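Worksheet: the structure to be examined is printed underneath.
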Amino acid sequence: MPEGIEAETARSLIERRALGRKIVAVDVPDAWFLKRGLTPRRARRALQGCTTVEARRRGKLILVDTDGPTIGLHLGMSGRILVDDEAAGDPLLYASNKANPKWVRFALRFADGGSLALRDPRRLGAVTLDPDEDRLGPDAFALTPAQLLDAIGSSTAPLKAALMNQGKIAGIGNLLADEILWRAGLDPAREAASLDDTEMRRLHRTIAKVLVELSARGGSHTGDLMAARVPGGLCPKDGTPLIRRTVGGRTTFSCPKHQR
DNA sequence: GATGACCTGTGA
DNA sequence: TCACAGGTCATC
């Protein structure tokens, strides 16, 4: 489950290794992977001859600017970026880490012989050209307290659903949301708008801290709650049996004692 | 806002 | 053999 952290790792790899390179071919073995009306033919025509100039990210969306169009790369839940056949980041959870060549869904081939590829066994990722970045809310890594309040302060959705709404805040997925709310001591099922000022400040601090800390540890799956995220798991903070529910349509683990 | 479909590898 | 993982989108 690549979330914002994994997207940032991939962006960083692209920035270090795949910029300033000229695209001579675009491999699209799986046309289904192209979204929003993009076709293999159009992708080739738009990108051949272009040079990569910058790697950006908004939430989980990786953006590769060229001197022509901007390429939008989404990792879905099992996608990985490879530059010259080297993968970004640690092995993913819930996803195969083998290197089956048939899982490469999209690749840019460079004039120097190297490549930038997206490998995705589950085919839930996507490639677009010139994506509408404003469909996404502010990036979770740089979220201000005012932006957090604006994003969830008047939402009647469950707190967790509000946090994962990419149009409001971009980059928080299922595991990060559980870790953040567990650390902040907030019940995922609470109505988002019910947080008072103190809780909102605590949530903001926790989002920032979790993103920094788990990035340093190596991924969304390195949270303190992760090991306990199993049937019968106990809260690492107070030993209470965790409850497993569906909140906002996703499997959710939380501590009934200290998350309120 | 909630639900189910999409897709397929993994592990029980 | 089958439930489950889950980011996003269409539909209710």
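Residue numbers start from 1 in every chain, and the chains themselves are labelled A, B, ... in the order their sequence lines are given, proteins ahead of strands. Quick caveat: nothing in here was measured; it's all calculated off a predicted structure.
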Whether [X] contacts [N] is assessed here as follows: a side-chain N or O lying under 4.0 Å from the phosphate OP1 or OP2. Is that the case?
{"X": "A:Arg122", "N": "C:dG7", "value": "no"}
{"X": "A:Ser78", "N": "C:dG6", "value": "no"}
{"X": "A:His74", "N": "C:dT8", "value": "yes"}
{"X": "A:Lys60", "N": "C:dT8", "value": "yes"}
{"X": "A:Arg244", "N": "C:dA5", "value": "yes"}

- Degree of bending, the helix from B:dG1-C:dC12 to B:dA12-C:dT1 (end axes from five pairs; round to 10°): 50°

Length of the [atom1]-[atom2] vector between [X] and [N], whole Å:
{"X": "A:Asp178", "N": "C:dA5", "atom1": "CG", "atom2": "P", "value": "12 Å"}
{"X": "A:Glu3", "N": "C:dG6", "atom1": "CD", "atom2": "P", "value": "9 Å"}
{"X": "A:Ile172", "N": "C:dG6", "atom1": "CD1", "atom2": "P", "value": "16 Å"}
{"X": "A:Asp132", "N": "C:dC9", "atom1": "CG", "atom2": "P", "value": "11 Å"}
{"X": "A:Met77", "N": "B:dC7", "atom1": "CE", "atom2": "C1'", "value": "10 Å"}
{"X": "A:Phe33", "N": "C:dT8", "atom1": "CZ", "atom2": "C1'", "value": "13 Å"}
{"X": "A:Leu61", "N": "C:dT8", "atom1": "CG", "atom2": "P", "value": "9 Å"}
{"X": "A:Asn100", "N": "B:dT8", "atom1": "CG", "atom2": "C1'", "value": "12 Å"}

Does [Y] offer a backbone N or O that forms a donor-acceptor pair with the side chain of [X] under 3.5 Å?
{"X": "A:Glu54", "Y": "A:Val64", "answer": "no"}
{"X": "A:Asp84", "Y": "A:Ser115", "answer": "yes"}
{"X": "A:Asp130", "Y": "A:Pro69", "answer": "no"}
{"X": "A:Arg21", "Y": "A:Arg17", "answer": "yes"}
{"X": "A:Thr52", "Y": "A:Ala18", "answer": "yes"}
{"X": "A:Arg44", "Y": "A:Val26", "answer": "yes"}

- Please tell me which of A:Arg105 and A:Gly248 maps to the more 5' nucleotide of DNA chain B, matching each residue to the nucleotide holding its nearest heavy atom. A:Gly248

- Query: If you check every side-chain atom of A:Thr156, which of B:dG1, B:dC7, B:dG9 has the closest atom?
  - Reply: B:dG1

- Between B:dG1, C:dG6, B:dC7, which nucleotide has the shortest distance from any of its atoms to the side chain of A:Arg229? C:dG6

- Item | Modelled atom types, side-chain donor and acceptor of A:Arg245 and A:Ser254, under 3.5 Å | yes

- Look at the side-chain heavy atoms of Ile, Leu, Val, Met, Phe, Trp and Tyr, link any pair under 4.5 Å apart, and say whether A:Phe253 and A:Met226 land in one connected group. no

- Item | Residues A:Arg58, A:Asp134: salt bridge by 4.0 Å N-O rule | yes

- Message: Quick test of your reading of the model: are A:Arg80 and A:Asp120 salt-bridged, counting only N-O distances below 4.0 Å?
- Response: no

Could you list all N or O pairs between the protein and nucleotides 4-6 of chain B that sit under 3.5 Å apart?
none

